[in-house]
Trainee: 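Input: one structure, supplied below.
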Amino acid sequence: MDFDLSEEQRLLKESIDGLLTDSYDFDARKKYQKEKGGWSKAVWGKLAEQGLLGLPFAEADGGFGAGAVETMIVMEALGKALVLEPYLATVVIGGGFLRHGGSAEQKAAHIPGIIDGSKTFAFAQLEKNSRYDLADVSTTAKKKGGAYVIDGEKFVVLNGENADTLIVTARTKGSRHDKTGIGVFLVPANAKGVTRKGYPTQDGLHAADITFTGVEVGSDAAIGDPENGLPLIERVVDEARTAMCAEAVGAMDEALKTTVEYLKTRKQFGVPIGSFQTLQHRAADMFVALEQARSMSMFATMAADFEDAKERATAVAAAKVQIGKSGKFIGQQSIQLHGGIGMTQEAKIGHYFKRLTMIENTFGDTDYHLRRVAEGGLV
């Protein structure tokens, strides 16, 4: 198969790589972390100016009609720079729900704001003890005339502290683990009854625990079928997993480059430690793990075009397994080869390992996805 980028894709890669090289070195990232919400509004504006926030949206909605490969290119670049801005939460996940399930009115109300950078989103899905089960929903959305009243709690909502709009999963009927009776709702973050408690996560991003107490939204807040939203949730979450695989490849790539550079400059016994064959073998093993991860990330990206939903989900799960294994190996080896300095806040290598660890545990860890692959018949 031909894995070469097209001319347009190559220009996209050069564009975002150039932008992040100019505005997102490690020292700049530390400054952005101190801004409100933990990310830079100025950088977000630059992403909007270059059209990167509108890539996946249809031209009819003001976007560029790009596909999964373009998202992979962007996410890999964001991973290399350890970007803090909520591209995953807003463009990939928020935009994904609107693209696949949103009404014409919902698209018109929200997509232009995403594209111009004036709106950000957060996906409020995780609940207490739900782990990785997308059907484990106890938050309720009860009918009240022509409206819904939402009650419940959501935890570790990425960008939940700063988002303008929340995408909330809530049960409209049935019991906690039923696969039917789950709806997806657009909720203004400043709606009456919404309480947010924000905090930084270990990888430098920000999340929030959110409580919904009698939050009333109109019937037009439901994205798609409010009684059968799980297939939509699964599709968008698999797209998010695929995007995170690409982000992890970018982070692993940069972690390997940083480690190899350190081996060339750090001296022991009067010579660079990279001259020791044992450490060269370690770096070679890291490179192999990176290329395995890159291949599976590409496989997951191509799976976006699979017509069979189960086949598509299994491919994404397989990619997430390899990404988890490679990320853990490269992260651990990077830290060990850097020695004690790799554990400090001042050394960027530790921050790459933290982000890789968070990616591995978001929307299902390696063991969880290995079970998904087995159920899909690939092993």
Side-chain angles (χ1 to χ4, degrees), residues 13 17 20-21 24-33 72-73 75-84 200-205 243-300 318-362 365-367 369-370:
K13 177 175 171 55
D17 285 346
L20 296 178
T21 298
Y24 230 99
D25 61 25
F26 188 58
D27 289 333
R29 182 181 187 268
K30 288 189 284 188
K31 293 178 182 177
Y32 301 152
Q33 281 182 298
M72 179 188 74
I73 291 169
M75 290 300 297
E76 188 170 331
L78 299 182
K80 286 183 179 180
L82 284 180
V83 166
L84 301 163
T201 53
Q202 71 158 359
D203 54 353
L205 302 183
M244 286 191 298
C245 285
E247 181 188 355
V249 169
M252 284 185 259
D253 193 352
E254 192 64 25
L256 176 57
K257 289 178 181 177
T258 301
T259 301
V260 170
E261 185 62 30
Y262 183 77
L263 295 179
K264 292 179 179 178
T265 57
R266 173 73 167 90
K267 290 187 176 182
Q268 188 72 36
F269 308 114
V271 296
I273 60 175
S275 63
F276 302 139
Q277 194 174 53
T278 300
L279 302 190
Q280 293 174 7
H281 289 171
R282 291 234 200 143
D285 290 340
M286 292 167 67
F287 177 77
V288 171
L290 169 61
E291 291 306 303
Q292 289 174 324
R294 194 188 306 277
S295 296
M296 291 305 293
S297 175
M298 291 180 177
F299 177 51
K320 195 74 161 56
V321 170
Q322 185 60 57
I323 291 294
K325 291 180 177 179
S326 292
K328 183 176 182 179
F329 178 76
I330 291 174
Q332 289 178 339
Q333 293 298 315
S334 296
I335 295 293
Q336 189 170 41
L337 290 172
H338 273 80
I341 193 175
M343 300 294 291
T344 65
Q345 284 290 102
E346 291 74 17
K348 69 177 182 179
I349 193 64
H351 295 265
Y352 281 101
F353 191 20
K354 288 177 181 179
R355 181 59 190 148
L356 288 169
T357 301
M358 289 295 286
I359 289 174
E360 198 266 338
N361 285 281
T362 301
D365 61 13
T366 302
D367 290 340
H369 286 289
L370 191 57

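As the structure is a prediction and not an experimental result, all values here were calculated from the model. One is the number of the first residue; the rest follow in order along the sequence.
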Trainee: Give, for atom OG1 of Thr362 and atom CG of Leu205, the distance between the pair rounded to the nearest 0.5 Å.
Mentor: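 Taking OG1 in Thr362 and CG in Leu205, the distance rounds to 9.0 Å.
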Trainee: List in chain and number order the residues that pass side chain to side chain donor-acceptor pair (under 3.5 Å) with Arg282, two or more places apart in sequence or in another chain; answer none if no residue qualifies.
Mentor: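 Once residues adjacent in sequence are excluded, the partners of Arg282 under the side chain to side chain donor-acceptor pair (under 3.5 Å) criterion are Gln333, Gln336.
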Trainee: Is Lys264 atom NZ crowded by more than 12 heavy atoms from other residues, nucleotides or ligands, each under 6.0 Å away?
Mentor: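 For Lys264, atom NZ is not crowded (no more than 12 foreign heavy atoms under 6.0 Å).
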Trainee: Is there a side-chain contact (heavy atoms from CB on, under 4.5 Å) between Leu356 and Phe329? Walk through the geometry before answering.
Mentor: CA-CA 10 Å; Leu356 288 169; Phe329 178 76; over 6 Å; no
Trainee: Can you find a heavy atom in the side chain of Lys80 that is under 4.5 Å from one in the side chain of Glu76?
Mentor: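 With C-beta onward as the side chain, the pair touches.
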Trainee: What pairs with Tyr262 under ring-ring contact (aromatic ring centres under 6.0 Å, His included), at least two apart in sequence or on another chain?
Mentor: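 ring-ring contact (aromatic ring centres under 6.0 Å, His included) check on Tyr262 returns His338.
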Trainee: Glu291: which residues meet the side chain to side chain donor-acceptor pair (under 3.5 Å) condition with it, sequence neighbours left out?
Mentor: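 By the side chain to side chain donor-acceptor pair (under 3.5 Å) rule, Glu291 matches Arg294.
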Trainee: Sequence neighbours excluded, which residues qualify as salt bridge (Lys or Arg N to Asp or Glu O under 4.0 Å) partners of Asp25?
Mentor: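 Counting only residues at least two positions away or on another chain, Asp25 forms no salt bridge (Lys or Arg N to Asp or Glu O under 4.0 Å).
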Trainee: Going by the rule side chain to side chain contact (heavy atoms under 4.5 Å, CB included), which residues pair with Ala77 if we only count those two or more places apart in sequence or in a different chain?
Mentor: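 With sequence neighbours excluded, Ala77 shows a side chain to side chain contact (heavy atoms under 4.5 Å, CB included) to Ile16, Asp17, Leu20, given in chain and number order.
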Trainee: Identify the residue among Arg266, Met286, Gln332 that makes a side-chain contact (heavy atoms from CB on, under 4.5 Å) with Leu337.
Mentor: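 Per the side-chain contact (heavy atoms from CB on, under 4.5 Å) rule, the option paired with Leu337 is Met286, out of Arg266, Met286, Gln332.
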Trainee: side-chain contact (heavy atoms from CB on, under 4.5 Å) for Glu360 and Lys325? Distances and angles first, verdict last.
Mentor: CA-CA 9 Å; Glu360 198 266 338; Lys325 291 180 177 179; over 6 Å; no
Trainee: Ignoring hydrogens, what is the shortest heavy-atom contact between Ile335 and Phe353? Give both atom names and the distance.
Mentor: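 Reported closest heavy-atom pair: CG1-CD2, 3.7 Å.
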Trainee: Residues in side chain to side chain contact (heavy atoms under 4.5 Å, CB included) with Ala293, at least two apart?
Mentor: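 For Ala293, the residues satisfying side chain to side chain contact (heavy atoms under 4.5 Å, CB included) (neighbours in sequence not counted) are Val249, Met252, Ile323, Ser326.
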Trainee: Tell me the closest heavy-atom pair linking Tyr352 and Ala255, and the distance in Å.
Mentor: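 It is CB-CB, 4.3 Å.
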Trainee: Do you know which two heavy atoms are closest between Ala81 and Arg29, and how far apart they sit?
Mentor: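 The pair with the smallest heavy-atom distance is O-CD, 4.2 Å.
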Trainee: Taking the side chain as everything from C-beta on, heavy atoms only, tell me whether Leu290 gets closer than 4.5 Å to Asp253.
Mentor: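 Heavy-atom side-chain distance check passes, below 4.5 Å.
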Trainee: What is the minimum heavy-atom distance between Leu263 and Ala283, and which atoms define it?
Mentor: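 Heavy-atom minimum between the residues: CD1-CB, 4.4 Å.
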Trainee: Quick one, His351 with Phe26, criterion side-chain contact (heavy atoms from CB on, under 4.5 Å). Give me CA distance, side-chain angles, the key distance, then yes/no.
Mentor: CA-CA 10 Å; His351 295 265; Phe26 188 58; 3.5 Å; yes
Trainee: Checking Phe287 now: which residues fulfil ring-ring contact (aromatic ring centres under 6.0 Å, His included) with it, not counting sequence neighbours?
Mentor: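 For Phe287, no residue satisfies ring-ring contact (aromatic ring centres under 6.0 Å, His included) once neighbours in sequence are set aside.
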Trainee: Test of understanding: with salt bridge (Lys or Arg N to Asp or Glu O under 4.0 Å), list the residues that count as partners of Lys348, not counting sequence neighbours.
Mentor: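 For Lys348, the residues satisfying salt bridge (Lys or Arg N to Asp or Glu O under 4.0 Å) (neighbours in sequence not counted) are Glu254.
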Trainee: Nearest 0.5 angstrom please: Asn361 CG to Thr366 OG1, how far?
Mentor: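 Reported value, rounded in 0.5 Å steps: 8.0 Å.
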Trainee: Gly204 and Leu84: which non-hydrogen atoms are nearest, and at how many Å?
Mentor: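 Answer, listing the atom of Gly204 first, then Leu84: O-CD2, 3.5 Å.
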Trainee: Measure the spacing between CE of Met296 and CD of Gln322 and express it to the nearest 0.5 Å.
Mentor: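 Met296 CE to Gln322 CD: 6.5 Å, rounded to 0.5 Å.
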Trainee: Between Thr344 and Ile341, which heavy-atom pair has the shortest distance, and what is it?
Mentor: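 Reported closest heavy-atom pair: OG1-O, 2.7 Å.
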Trainee: Starting at CE of Met358, measure out to CE of Met244 and round the result to the nearest 0.5 Å.
Mentor: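 Reported value, rounded in 0.5 Å steps: 10.0 Å.
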Trainee: Run the side chain to side chain donor-acceptor pair (under 3.5 Å) test against Tyr32 and tell me which residues pass, sequence neighbours left out.
Mentor: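 Scan of Tyr32 (side chain to side chain donor-acceptor pair (under 3.5 Å), adjacent residues dropped) gives none.
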Trainee: In terms of side-chain geometry, is the basic nitrogen of Arg355 or Glu247 positioned less than 4.0 Å from the acidic oxygen of its partner?
Mentor: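 Salt bridge: yes.
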Trainee: The criterion is side chain to side chain contact (heavy atoms under 4.5 Å, CB included); which residues satisfy it with Gln280, sequence neighbours excluded?
Mentor: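 Checked Gln280 against side chain to side chain contact (heavy atoms under 4.5 Å, CB included); matches are Gln277.
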Trainee: Identify, with sequence neighbours excluded, every residue that meets side chain to side chain contact (heavy atoms under 4.5 Å, CB included) alongside Asp367.
Mentor: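 Asp367 satisfies side chain to side chain contact (heavy atoms under 4.5 Å, CB included) with Asp365, Arg371 once adjacent residues are dropped.
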Trainee: Please check if the number of heavy atoms outside Lys328 that lie under 6.0 Å from its NZ is greater than 12.
Mentor: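 Counting neighbours around NZ of Lys328, 12 or fewer heavy atoms of other residues, nucleotides or ligands fall under 6.0 Å, so no.
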Trainee: Test Val271 against Phe276 for side-chain contact (heavy atoms from CB on, under 4.5 Å), laying out the working first.
Mentor: CA-CA 9 Å; Val271 296; Phe276 302 139; 3.9 Å; yes
Trainee: Side chain to side chain donor-acceptor pair (under 3.5 Å) with Thr21: which residues, sequence neighbours excluded?
Mentor: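 If we apply the side chain to side chain donor-acceptor pair (under 3.5 Å) test to Thr21, skipping adjacent residues, there are no hits.
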